[in-house]
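All chains are named by letter (A, B, ...) in the order of the sequence lines, taking the proteins before the strands, and each is independently numbered beginning at 1.
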Amino acid sequence: MIARFLLQDMDRRGAVFLALIAGLAILIPALNLLVPAGSPFHVPTSTMSLWGKYLCYALLAISLDLVWGYCGILSLGHGAFFALGGYAMGMYLMRQIGSRGTYGNPILPDFMVFLNWKELPWYWYGFDSFPFAMLMVLLAPGLLAFVFGWFAFRSRVTGVYLSIITQALTYALLLAFFRNDMGFGGNNGLTDFKDILGFNVQAQATRAALFSMTCVMLIAGFLIARGIVVSKLGKVVIAIRDAESRTRFLGYRVDRFKLFVFTVSACMAGVAGALYVPQVGIINPSEFAPANSIETVIWVAVGGRGTLVGAALGGVVVNYAKTIFTSGFMAPYWLFALGALFVFVTIFMPKGILGTAQDWWEKRRRPAPAKTPEPAPAE
Amino acid sequence: MRILSCLLRILALAMLLALQPGAASAQSADDAFVRLGADSFSETNRAIEGLIAQAHPQAAVIIEALAEGRLLAGGGAVVVRMPDGRMLDARTGATLAAAPAGLAAVRLNNSVRRTIQGALGGLGLLNPDAGRRIAAAEAVFKSRDASLLPVLEGAIAKESDPRAKAALRQAQAAILVAKPDAPPFDRIAAIDVLRERGDQDALATLRSLPADASASLKEAQARAVSDIEGRLALWRAGQNLWYGLSLGSVLLLAAIGLAITFGVMGVINMAHGEMVMIGAYTTFIVQEVIRTSAPGLFDYSLLIAVPLAFLVAGLVGIAIERGVIRFLYGRPLETLLATWGISLILQQAVRTAFGPTNREVGAPAFMSGAFEIGEMAITWNRLWIIVFAGLVFAALLAILKLTPIGLQMRAVTQNRRMASAMGIRTGRVDALTFGLGSGVAGLAGVALSQIDNVSPNLGQSYIIDSFMVVVFGGVGNLWGTLVAAMTLGVANKLLEPYAGAVLGKIALLVFIILFIQKRPRGLFALKGRAVEA
C-alpha cells in the first residue's frame with residue numbers, strides 16, 4: 001500500500017530522475033572504491049563528497065519546493081531546519097569522539113572543556129546513541145516547524161509577512177547559536193569528527209557509504225514529496241496555493257494542511273542537513289545565515305518551482321556553477337552571476353529550467369494549440 | 001632659653017594664624033624660606049604648606065620651580081632659575097644680576113612630591129579664574145588632601161562665584177567625611193553636601209568612609225548612598241533611553257523608505273539596504289572630492305551629500321523599478337527574489353569599485369564631540385541624527401499629505417485597481433514611489449556613514465532590522481513605522497543591560513514573530529474590505 005502511495009501516477013520525468021539517482025548511488029561509489037586511482041574512470045573521494053554535498057542541497061531544495069512550489073509558502077528560513085538537522089548529527093558525531101579530543105575528556109566535547117564546563121548540558125543527553133540522534137534529526141526541525149507553523153498558519157500570516165518572519169526565525173537562531181553559552185560550540189560550531197557508527201568518517205569506504213545513503217534519502221524524500229502532492233491531500237494543498245480563501249470557504253481547514261506540509265518539509269530539510277554534516281566535516285552557525293536560505297529559494301526557482309525534479313536539478317546545477325565560479329579566476333564575479341541569475345530567472349524563466357524545457361518540448365510536438373485564456377481566480 | 005623662645009614663637013604664630021592670617025604673612029613667609037634652605041625633606045614640606053597657607057604672591061612660581069628641580073637654595077638665599085636661565089629672588093620675584101655662590105637645587109622625595117601635588121591644587125583654589133578654581137576644587141575632591149582644608153575654608157569665605165563655591169564646598173565635604181577628627185556635626189553636614197552632588201565620585205567618596213565612624217554617621221552615609229544610587233539608576237535609565245531613541249531614529253531612517261515602497265507596491269525591496277550603502281558611499285565620494293579640491297568646505301560636506309545621496313539612490317531605485325520590478329507585478333514573492341539578486345550585484349559592484357575594506361568618512365566639526373546633561377553623555381552626532389530623522393519623517397509626511405503625488409500614492413496604497421480606474425497612472429506612481437523610498441534610504445546612508453563603518457556590507461546589517469520595523473509597524477501609515485522604530489530601538493537598549501546585546505535582540509525577534517501572530521498586518525494595519533492583501 002505504501003508502495004502504491006509512493007509510486008502512483010509515476011510520470012516519465014520522475015522515473016528518469018529515480019533511475020538516475022539510483023544509478024549514481026551504485027555507480028559513483030563503485031567507481032571510487034573498485035577502480036584503481038590511476039584509471040580515467042576513477043572518481044576521487046573529494047569529488048564524491050562534493051557531489052554528496054550537492055545531493056544534500058538537492059534534498060533541501062525538494063523540501064523547499066514542497067512548501068513553496070505546491071503550497072505557496074515562501075519560507076526564507078529553510079536553512080534553519082537544515083542546520084538544526086545538521087547540529088543534531090554533529091552532536092552525535094561529537095559524542096563519538098570520546099576521549100580522543102585534544103583535552104581527552106571522555107564525556108565533554110573539547111569546546112566545553114575549554115569553556116570550563118563541568119558537566120554535559122541536559123540537551124546533550126542521549127546523543128551518544130545513534131537512533132536517538134536520528135530521531136532528533138527529524139524531531140528538532142519538525143517540532144520547531146510545527147510550533148512555528150501552528151502559530152503562523154492559524155493566525156493567517158501569509159505572503160510577504162510570513163517570508164519575513166521565517167527570516168527572523170533563522171536570524172534569531174543564527175544569533176543564538178553564535179553564543180558560547182548555548183552549548184553548541186559558539187561560532188566555531190562542531191567539527192573534528194572521528195567516527196560514525198564506529199567507522200572513520202574520513203575513510204574512503206565510509207564516504208562512499210554516506211554518498212549512497214544521500215542518494216537513498218534523496219529518492220525517499222522525492223517519493224514522499226511526490227506521494228503527498230499527487231494524493232488527494234496534495235490537490236487541496238495546490239488549491240491553497242492558488243486560491244487560499246476560496247479553499248477555506250469550501251470548508252477545508254487550510255491551516256492544518258499547511259502545517260502538515262510545512263512540518264514534513266522541515267523534517268526533510270533536517271535529514272538533508274544531517275547527511276551534509278559528516279560529508280563536509282563541520283557545522284557552524286553560518287548555516288543559519290538568512291542569505292543561505294534565500295539562496296536555497298533560488299535553486300528551486302532556477303530548476304523549476306512546483307516540479308520537485310526541477311528543484312533537485314536546480315540545487316545541483318547552481319551549486320556546481322558556484323564551485324566552478326568561486327574556485328577559478330572568476331571568483332570575484334560569482335556574486336554578479338548569482339545576482340543576475342536571481343533577476344534573469346524571475347523575469348524570463350518563471351517556470352525554471354524544467355518548466356521552460358517542457359514548454360519548448362510540448363510546443364515542438366504539438367505546434368500551437370488554440371490557447372484558451374486561463375481564468376484568474378476571482379478574489 | 002632658646003627652646004622657650006622657640007615655643008613662644010610657635011605659640012604666637014599659631015595665634016596669629018588663627019586670628020589674623022594676613023598679619024603673620026611676613027614672618028611665616030620668612031620662616032618658609034629658612035625651611036627651604038634647611039635641606040631637609042620634612043622642612044621642605046612644611047615650607048610648602050606655609051607658602052600656601054599664606055597665599056604668598058610668589059608661591060606658584062616657587063612651587064612649580066621646586067617640582068621641576070629649578071629651585072636653588074644656599075647661604076640663606078633662595079633663588080628660582082627660570083626656564084630661560086634668568087635667576088629670580090624667590091622672596092620678591094626680582095631678577096638677580098648674578099647668582100649668589102653656593103647654590104644647590106632643593107631636593108625632592110616622594111613625600112615632597114605629594115605635598116607639591118596637593119599644593120598645586122591649593123594654589124588653583126586661589127586662582128583668579130573661576131574655571132580654574134572649579135577644576136582645582138575637583139582635583140582636591142578626588143585627592144581628599146586634608147592638609148588643604150584651611151586653604152579651602154579661606155577660599156570658600158572669599159568665593160563669590162556660586163558654581164565655584166559649590167565645587168569648593170564639595171571638596172571640603174569630601175575631606176571632612178574622611179577625616180576622623182573632624183566634628184561629627186560637620187561630617188554629617190558634609191555627607192549632605194555629597195548627597196546633593198550625587199554622582200559616581202560622590203558615591204565613591206561616601207563608600208570610602210572609614211570603618212571607625214560613629215553609628216549616626218554611618219546611618220547618614222547609608223541613607224545618602226541609597227539616595228545617590230537611586231538617582232544614578234534614574235540617570236542610567238535616562239542614558240539607555242537616549243541610546244534607544246538614537247537607535248530608534250537610525251532604524252526609522254533605514255526602514256521608512258522600505259515602508260513606503262512596501263505600502264504602495266506590496267513589495268519587500270531586498271535591495272533597500274544597498275540603497276543605504278549607496279548613500280553612504282556618496283557621502284564618502286563627496287568628502288574625497290572636498291578633501292582634494294576644496295578642504296575649506298569640509299564642514300559643509302554632509303549638507304552637500306544629503307541632496308546628492310537622495311538623487312543617486314533615488315535614480316538607482318527608479319532604474320531598478322523600470323528595469324526589473326515593473327515586469328513582476330502581482331508576484332510579490334518573485335519580486336523579493338529579484339531584488340535580492342540586485343542587492344548581490346550592487347554589493348559586489350561596490351566591492352569591486354571601492355574595495356572590500358571600510359572607507360573613512362570624517363565628521364564635520366558640528367557633528368563631533370559630546371556634552372553632558374547631569375550624568376548623561378550625549379554625543380553631537382547622535383543628536384543630529386535624531387534631528388535629521390525627525391526632519392526626514394516630517395518631510396515625508398508632508399509629501400504624502402500635501403502634494404498631488406502623495407495623494408496618488410495613498411490612493412494606490414489603499415486600492416490599486418480603483419485608483420487606476422480613477423485615472424491615476426499607477427505605473428508612474430510606482431516608479432516615483434520606488435525612487436522616493438530609495439532616495440530616503442540614501443539619506444539614511446548619509447546619517448549612517450557618521451556612526452557606522454562604510455563598507456559593502458553596510459546595508460546587509462540593517463536590512464533585517466528594517467524588515468522587522470516595517471512588519472511590526474504595518475504598512476500604509478508612516479506613524480506606524482515611527483512607533484515601531486522607536487519601540488524596537490528603546491526596547492533593544494533597555495533590554496541590553498539585563499540580557500546582553502545578543503539575547504536582547506533574540507528576545508525582540510521572538511517578540512515580533514509572536515506579535516505578527518496576533519496582528520498579522522502590523523500595529524497600524526490598513527482597514528479595508530479585501531479578503532487578502
Using side-chain heavy atoms (C-beta onward) and a distance below 4.5 Å, is [X] in contact with [Y]?
X	Y	result
B:R351	A:L335	yes
B:L509	A:L175	yes
B:K505	A:Y171	yes
B:L328	A:I347	yes
A:L76	B:L336	yes

Considering only heavy atoms and a distance below 4.5 Å, find which of [options] pairs most often with chain A.
options	value
B:T352, B:V470, B:L344, B:L346	B:L344
B:T339, B:V510, B:V324	B:V324
B:L514, B:L508, B:V471	B:V471

Could you state the interatomic distance from CG (A:L162) to CD1 (B:I516), rounded to the nearest 0.5 Å?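 Between A:L162 CG and B:I516 CD1, I get 10.5 Å after rounding to 0.5 Å.
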Find the distance between CD (B:Q347) and CZ (A:F336) and round it off to the nearest 0.5 Å.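 Here the interatomic distance stands at 10.5 Å.
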Give a yes or no on this: more than 12 heavy atoms of other residues, nucleotides or ligands lie within 6.0 Å of atom [atom1] of [X].
X	atom1	result
A:Y333	OH	no
B:R326	CZ	yes
B:F515	CZ	yes

Side chain, backbone, both or neither: which part of [X] has a heavy atom under 4.5 Å from chain B?
X	result
A:R154	neither
A:A291	both
A:W68	side chain
A:L174	neither

Counting only heavy atoms closer than 4.5 Å, note whether B:A507 contacts chain A via side chain, backbone, both or neither.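 When you check distances to chain A, no heavy atom of B:A507 falls under 4.5 Å.
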Which of [options] touches chain B most, by non-hydrogen pairs under 4.5 Å:
options	result
A:A340, A:A152, A:P290	A:A152
A:G159, A:P332, A:A301	A:P332
A:L169, A:I294, A:L338	A:I294

Passing option when A:V343 is tested against B:I342, B:L337, B:I320 for side chain to side chain contact (heavy atoms under 4.5 Å, CB included):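 Checked B:I342, B:L337, B:I320 against A:V343; only one passes side chain to side chain contact (heavy atoms under 4.5 Å, CB included): B:I342.
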Ignoring hydrogens and angles, tell me if any N or O in the side chain of B:E334 forms a donor-acceptor pair with the backbone of A:P350 under 3.5 Å.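 Such a contact is absent between B:E334 side chain and A:P350 backbone.
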Can you check whether anything in residues 480-492 of chain B gets within less than 4.5 Å of chain A, heavy-atom wise, and list it by number?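 Near chain A, by residue number: none.
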Partner set under side-chain contact (heavy atoms from CB on, under 4.5 Å) for B:Y243, not counting sequence neighbours: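 If we apply the side-chain contact (heavy atoms from CB on, under 4.5 Å) test to B:Y243, skipping adjacent residues, the hits are B:Q239, B:N240, B:K493.
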For chain B, which residues from residues 176-187 of chain A lie under 4.5 Å away (heavy-atom distances)?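 So the qualifying residues are A:A176, A:R179.
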Chain B contacts: which residues in residues 311-327 of chain A have a non-hydrogen atom closer than 4.5 Å to it?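 The stretch does not come within 4.5 Å of chain B.
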Determine, using ring centers only, whether B:F262 and A:Y161 are less than 6.0 Å apart.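 Yes, the ring centres sit under 6.0 Å apart.
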Restricting to non-hydrogen atoms, name the atom on A:V157 and the atom on B:P520 that form the minimum distance, rounded to 0.1 Å.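 Reported closest heavy-atom pair: CG2-CB, 4.2 Å.
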So, B:Q517 versus A:S155: side-chain donor-acceptor pair below 3.5 Å or not?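 A:S155 and B:Q517 do have a side-chain donor-acceptor pair below 3.5 Å.
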